[in-house]
Amino acid sequence: MPSRPLPPPPPSQPPHQNPHPLPPPTATVTVAFSLLLLLTACFRKKKRTVPFDSPHRFSYSSLRRAASDFSPSHRLGQGGFGSVYRATLTNPPRDVAVKVMDPTGSLQGEREFHNELSLCSKIDSNYVVSLIGFSSDRKRQRMLLVFELMSNGSLQDCLLRRKCAELMDWRKRFQIAIDVAKGLEYLHHFCNPPIIHSDIKPSNILLDCDFNPKIGDFGLARLKSDNSGAGVEKSGFPELVDDVLVSCPVDVSNEKKEEEFNVVLNQSPQSFDGVTVDAMSPETIRGGANLASPSEDLERGCVLSEGDLDRRSLGSGAGTGNRGGVKRSGRRLKSFSGKDWWWKQDTNDGVVTDYVMEWIGNEIKNERPKNEWVGASSSSIGKSDRKKNRKGLEWWKKMEGEKNVKKKSKEKRRPAREWWKEEYCEELARKQKKKEKKKRNQGSISDCNDGDNWWPVDDYLYTDGKKKKRSRSRGGSMGSVDWWLDKFSGNSHDSGSEGTPKSGCSSTPSMRGTVCYNAPENFGDFETSEKCDVYSFGVVLLVLVSGRRPLQLNGSPVAEYHRANLLSWAKQLARRGRLVDLVDKSVQCLNREQALLCITIALLCLQKLPDRRPSMREVVGMLCGELESPQLPVEFSPSPPSRVPLKSQKKVR
Ligand SMILES: Nc1ncnc2c1ncn2[C@@H]1O[C@H](COP(=O)(O)OP(=O)(O)OP(=O)(O)O)[C@@H](O)[C@H]1O
């Protein structure tokens, strides 16, 4: 039977073409989950401002053990708010430096701890000392920060005190200059948000085992202000601190064993900080740890005692934090005896070799009213002390109105300015007049700026009649101590002109940073910018090239007198076209071009107008040869502007 052909199979149904196909349920879930994750990540990122590994949280006991009970033999250095010890961690084995905030310290020390903790947690750079961890017990006033160990200590110690052979090689010094510049470039341009260090100086530049530098000590640092003029973002600082604290696991084993560690996990940022955010003044928030006004400090009862201060700030020997009494909102100023805080601010060994310093110190001492900054510990400050302290503050506030002080009291307390005028300016002016008259008679104009005399007459020489008048009136209104420090900071004839504020080398309590490294505008209520760091870097560059402190007398006072102030000396040498005289004579393998480049960049950084100073990016470019070699700023150029008549008369000797 013929087989019946099978009917052709029905054409297979084309699959239903859905114009909007639904993804399979698993895919939907996956996409939704990913979205959720992404959103969570974004949200977390927005809230959490700690982009890198959070610092480890140690127990106090573990750190104490690691540092052999903080024995003096383990002490690496002394800073303004406590000591730094070498410690050996066991798991994993590692040598570290532990910064122990002084337990009897003030609220400001605590703020500085938080500041350093919060900002260092945001930094990840080869040119900045890494924060490894911390320990905090507010109740017991224990605040410790753990940093990578920088085995060669500070640049200040290595270069200026120990005079390490490694740093006598020019190549090393130049490399240090570049690396520090890169560190600052990172903070200003690559860090998000940018950070202003506010205290760049050789004792805050630490050297590793190969003498590679890293920037340390962020106690005064702050986030760069936005355009609105706010400093540290209002909520950013406490939130960040809390974020760091909460995110860090506690070393529980030791905790349980010794029950010494009082966890602050559940504390709100406000309570941790000791001050509610809302209650903080804008200055306090803006400046983080550092902008509290003296009256604020007094109100909170955190004026330190004299003993406190002496103990804290004038350490001797290696690694001393050479801040002396002039840093941080004048806190130390309150308790230092007049001359101590000033002349010891830049000496490691506390040995005073310098009659000028002594003399200034005496002047300052004489200038200070007896009731100024009456020392009292935070706990013991009483009503009468507060009253006295307020009186001291009044003195400070009245500095601007000094000219209105009654004649009688003027006679009693002769301002150093007057003294100066009498002892130096007037005598020199007389001499100068005599000299000029003599030369005029001879038919030629004298070279007024030769020899060793330029320094004391600097102001005199570079001021025309109008300026002289202004300068005098400034002398009347400015505190004499300010005037003095101004002079010594190298701003003698810079300050005030072209609308810039007067020197930052001030004794007033609102100053941040360290005398001689402090930018002129880093003073009072003026908004500080990253250009303050640029200024400080300029001073560090000069110190690196010259191998000496910004204020120093080496040999016989008379011979060295004109070089005492490094900044003034550099400027004078620039005007005379003799910059190379500044270079350290003991440096080996000197590259003259590089040295001159460094000095030129330093002088650019030291310009009085912040806007004229280069950015750290430009500084790095210039140092690395990526940008064109800079020209000397006009104000320091050997061909001076015509408005300064006597400059053109200088001879290059
Ligand atoms: N990571 C480190 N490794 C080695 N030594 C260090 C380290 N950190 C600090 N030191 C030493 O301790 C000294 C004081 O440290 P530091 O400046 O950080 O304390 P500080 O209280 O912030 O001081 P200051 O306020 O005076 O700047 C430094 O000059 C340095 O010699």
Side-chain angles (χ1 to χ4, degrees), residues 55 67 70 72 74-89 94-103 105-106 108-117 119-120 123 127-134 143-162 164 197-209 211-221 288-290 304 308-309 311-329 331-332 336 341 344-349 512-515 517-518 536:
F70 302 119
H74 278 59
R75 207 171 82 156
L76 292 166
Q78 169 79 49
F81 291 102
S83 301
V84 181
Y85 295 89
R86 173 195 286 269
T88 308
L89 301 177
R94 182 175 188 182
D95 282 340
V96 292
V98 180
K99 190 165 172 176
V100 185
M101 298 297 185
D102 193 329
S106 67
Q108 191 146 346
E110 193 177 328
R111 286 201 218 120
E112 198 156 312
F113 165 80
H114 293 172
N115 205 39
E116 198 153 10
L117 174 59
L119 292 181
C120 286
I123 296 170
Y127 304 110
V128 176
V129 179
S130 309
L131 176 73
I132 295 169
F134 68 97
M143 292 167 290
L144 298 92
L145 293 167
V146 183
F147 292 99
E148 69 173 303
L149 180 72
M150 301 296 286
S151 51
N152 274 307
S154 70
L155 178 64
Q156 171 92 7
D157 193 35
C158 271
L159 180 69
L160 305 176
R161 200 185 69 86
R162 285 192 281 143
C164 297
H197 185 280
S198 303
D199 198 17
I200 292 296
K201 58 178 178 176
S203 62
N204 286 336
I205 294 166
L206 300 166
L207 302 170
D208 70 8
C209 52
F211 292 87
N212 296 318
K214 294 193 182 190
I215 298 170
D217 191 3
F218 282 72
L220 281 185
N290 317 301
L304 300 176
D308 252 344
L309 272 226
R311 190 156 36 80
R312 279 150 187 265
S313 37
L314 300 180
S316 59
T320 304
N322 303 296
R323 192 180 293 142
V326 278
K327 194 181 169 182
R328 295 174 196 190
S329 309
R331 190 173 55 87
R332 290 180 191 93
F336 263 31
W341 69 261
K344 289 183 180 175
Q345 62 90 21
D346 204 32
T347 51
N348 251 326
D349 45 19
R512 293 156 58 89
T514 303
V515 165
Y517 292 93
N518 213 1
S536 308

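For ligands, and for the atoms within them, numbers begin at 1 and follow the listed sequence. Not measured: the values here are computed from a predicted model. This chain uses plain numbering: 1 for the first residue, then up along the sequence.
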Where's the contact between E148 and ligand 1, heavy-atom distance under 4.0 Å: side chain, backbone, both or neither? backbone
Do ligand 1 and K99 have nitrogen or oxygen atoms that lie under 3.5 Å from each other? yes
Nearest-option assignment for atom 22 (O) of ligand 1, heavy atoms, candidates L149, V84, D217: D217
Given that the side chain starts at C-beta and the backbone is N, CA, C, O, which of these parts of R86 lies under 4.0 Å from ligand 1, counting heavy atoms, or is it both or neither? neither
I'd like to know if the side chain of S151 reaches the main chain of C209, judged simply by a donor and an acceptor atom lying under 3.5 Å from each other, with no hydrogens or angles considered. yes
Hey, does S203 sit under 4.0 Å from ligand 1 if you only count heavy atoms? yes
Checking heavy atoms under 4.0 Å, the part of N204 that sits near ligand 1 is side chain
Passes side chain to side chain contact (heavy atoms under 4.5 Å, CB included), V128 versus K214? Steps please. CA-CA 5 Å; V128 176; K214 294 193 182 190; 5.7 Å; no
Under 4.0 Å from one or more heavy atoms of Q78, ligand 1 contributes atoms 14 (C)
From CA spacing to verdict: salt bridge (Lys or Arg N to Asp or Glu O under 4.0 Å), D217, K99: CA-CA 10 Å; D217 191 3; K99 190 165 172 176; 3.5 Å; yes
In terms of the angle between their ring planes, are H197 and F218 parallel, tilted or perpendicular, with boundaries placed at 30° and 60°? perpendicular
Under the side chain to side chain contact (heavy atoms under 4.5 Å, CB included) rule, what do L220 and N115 come out as? Steps first, then yes or no, please. CA-CA 7 Å; L220 281 185; N115 205 39; 5.6 Å; no
Are any of the N/O atoms on M150, whether in the backbone or the side chain, positioned under 3.5 angstrom from an N/O atom of ligand 1? yes
Applying side chain to side chain contact (heavy atoms under 4.5 Å, CB included) to Y517 and I200, what does each step give before you reach the verdict? CA-CA 7 Å; Y517 292 93; I200 292 296; over 6 Å; no
